[in-house]
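In this chain, numbering begins with 1 at the start of the sequence shown.
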Amino acid sequence: MGDGIKMVERNKKARFNYDIEETVEAGLVLKGSEVKSVRNGKVSLDGSYCSVDRYGDMLLHDAYIKPYEQASHFNHEPRRNRKLLLKSREIEKWGEKAEQEGYAIVPLELYFRDGWAKVKLGLGKGKKQHDKRQSIKERESKRRLDEVKKSYNL
């Protein structure tokens, strides 16, 4: 990515399971021990999702951040809900879109931008099984094509 950006985690399953229609960058509220673990790359976004609670806050659910070993009793819960920082208008807009049938807000990437933890969120519509098979076919054909190109360039 660009200047001042350190990629930590990419959710590959999200792009496979959803057709991503829109993306937005959100800040992430973390505790001190969580920041240390995230900087060390001890994070998994598999199976995580976002929702809007009754107070109008957007939360990240089921993201795993490994407890920091040197934090002792000041450690955090690995799978706690974490607040996302977006403008209230964006939260309302995305919340309404996510309530539609088949749509979900999924985290795509977790990274640091100029020292601040950020999450790239995507509004996705769930893929059907035949759509997933089509994605696999496209990926395999691209892989084969790249192998052929590589063998001819030698």
Side-chain angles (χ1 to χ4, degrees), residues 1-139 142:
M1 297 188 91
D3 291 328
I5 296 177
K6 179 188 174 226
M7 181 61 63
V8 177
E9 173 72 8
R10 195 170 262 131
N11 190 355
K12 295 174 191 144
K13 281 190 174 186
R15 294 212 185 259
F16 181 73
N17 292 329
Y18 297 93
D19 281 322
I20 305 298
E21 297 178 0
E22 241 181 286
T23 62
V24 69
E25 180 182 82
L28 184 61
V29 178
L30 297 173
K31 293 182 177 179
S33 61
E34 290 175 323
V35 174
K36 295 277 197 173
S37 290
V38 170
R39 285 197 190 279
N40 291 334
K42 308 293 185 187
V43 167
S44 175
L45 295 175
D46 289 344
S48 58
Y49 63 97
C50 299
S51 69
V52 179
D53 69 0
R54 62 182 178 185
Y55 304 111
D57 295 330
M58 188 173 288
L59 299 174
L60 177 64
H61 301 275
D62 289 340
Y64 179 79
I65 298 179
K66 184 178 178 183
Y68 188 62
E69 293 159 6
Q70 285 81 17
S72 68
H73 64 280
F74 296 108
N75 235 322
H76 61 274
E77 275 294 314
R79 289 201 182 269
R80 74 177 183 90
N81 297 339
R82 292 164 180 93
K83 186 175 176 181
L84 297 172
L85 303 173
L86 286 167
K87 293 186 178 184
S88 57
R89 282 178 269 121
E90 288 180 320
I91 292 174
E92 277 181 37
K93 182 178 109 176
W94 278 60
E96 289 172 5
K97 288 182 179 181
E99 288 178 3
Q100 297 174 11
E101 179 110 12
Y103 282 90
I105 303 171
V106 291
L108 303 174
E109 298 172 350
L110 176 65
Y111 53 91
F112 282 96
R113 176 188 294 270
D114 299 324
W116 297 97
K118 302 286 183 177
V119 178
K120 186 175 189 180
L121 302 174
L123 180 69
K125 185 168 178 76
K127 285 185 182 179
K128 304 281 189 247
Q129 187 64 35
H130 65 277
D131 294 334
K132 291 179 185 179
R133 285 193 296 257
Q134 184 63 32
S135 296
I136 292 170
K137 285 179 189 175
E138 290 170 3
R139 185 176 62 215
K142 184 181 181 306

Should V35 and Y68 count as side-chain neighbours, where that means a heavy-atom distance under 4.5 Å? no

At what distance, to the nearest 0.5 angstrom, does CG of L45 lie from NZ of K13? 12.5 Å

Please report the shortest heavy-atom distance between V52 and M58, naming the atom on each side. CG2-CE, 4.0 Å

Return each pair, listed once, that meets salt bridge (Lys or Arg N to Asp or Glu O under 4.0 Å) where at least one residue sits in residues 24-34; pairs must be two or more places apart or across chains. E25-R113, E34-R80, E34-R82

Partners meeting side-chain hydrogen bond (donor to acceptor under 3.5 Å, both in side chains) with S51 (sequence neighbours left out): H61

Taking everything shown except Y18 itself, do over 12 heavy atoms lie less than 6.0 Å from its OH? no

Of the non-hydrogen atoms in L60 and P107, which two are nearest, and what is the gap between them? CD1-CG, 3.7 Å

Find the distance between NZ (K12) and CZ (R15) and round it off to the nearest 0.5 Å. 12.5 Å

Find out whether I65 and L30 are in side-chain contact, i.e. whether some heavy atom of one side chain is under 4.5 Å from a heavy atom of the other. yes

First locate atom CG of L28, then atom CZ of F112, and finally report the distance between them rounded to the nearest 0.5 Å. 8.5 Å

Do the side chains of R10 and L108 get nearer than 4.5 Å, heavy atoms only? no

Pairwise distance CD1(I105) to OG1(T23) - rounded to 0.5 angstrom: 12.5 Å

Run the side-chain contact (heavy atoms from CB on, under 4.5 Å) test against D19 and tell me which residues pass, sequence neighbours left out. K127

Measure the shortest side-chain to side-chain distance between V29 and L85 over non-hydrogen atoms and say whether it is less than 4.5 angstrom. yes

Compare all side-chain heavy atoms of E138 with those of Q134 and state whether any distance is below 4.5 angstrom. yes

Sequence neighbours excluded, every pair satisfying salt bridge (Lys or Arg N to Asp or Glu O under 4.0 Å) that has a member inside residues 35-49: none

To the nearest 0.5 Å, what is the distance between CZ on R79 and OG on S48? 8.5 Å

With sequence neighbours left out, write down each residue that passes side-chain hydrogen bond (donor to acceptor under 3.5 Å, both in side chains) with Y103, or none if nothing qualifies. E21

Heavy-atom side-chain contact between I91 and L84 under 4.5 Å: no

Mind checking what makes side-chain contact (heavy atoms from CB on, under 4.5 Å) contact with V24, not counting sequence neighbours? L86, E90, W94, L121

Minimum heavy-atom separation for F16 and R139, please, with both atom names. CD1-NH1, 4.2 Å

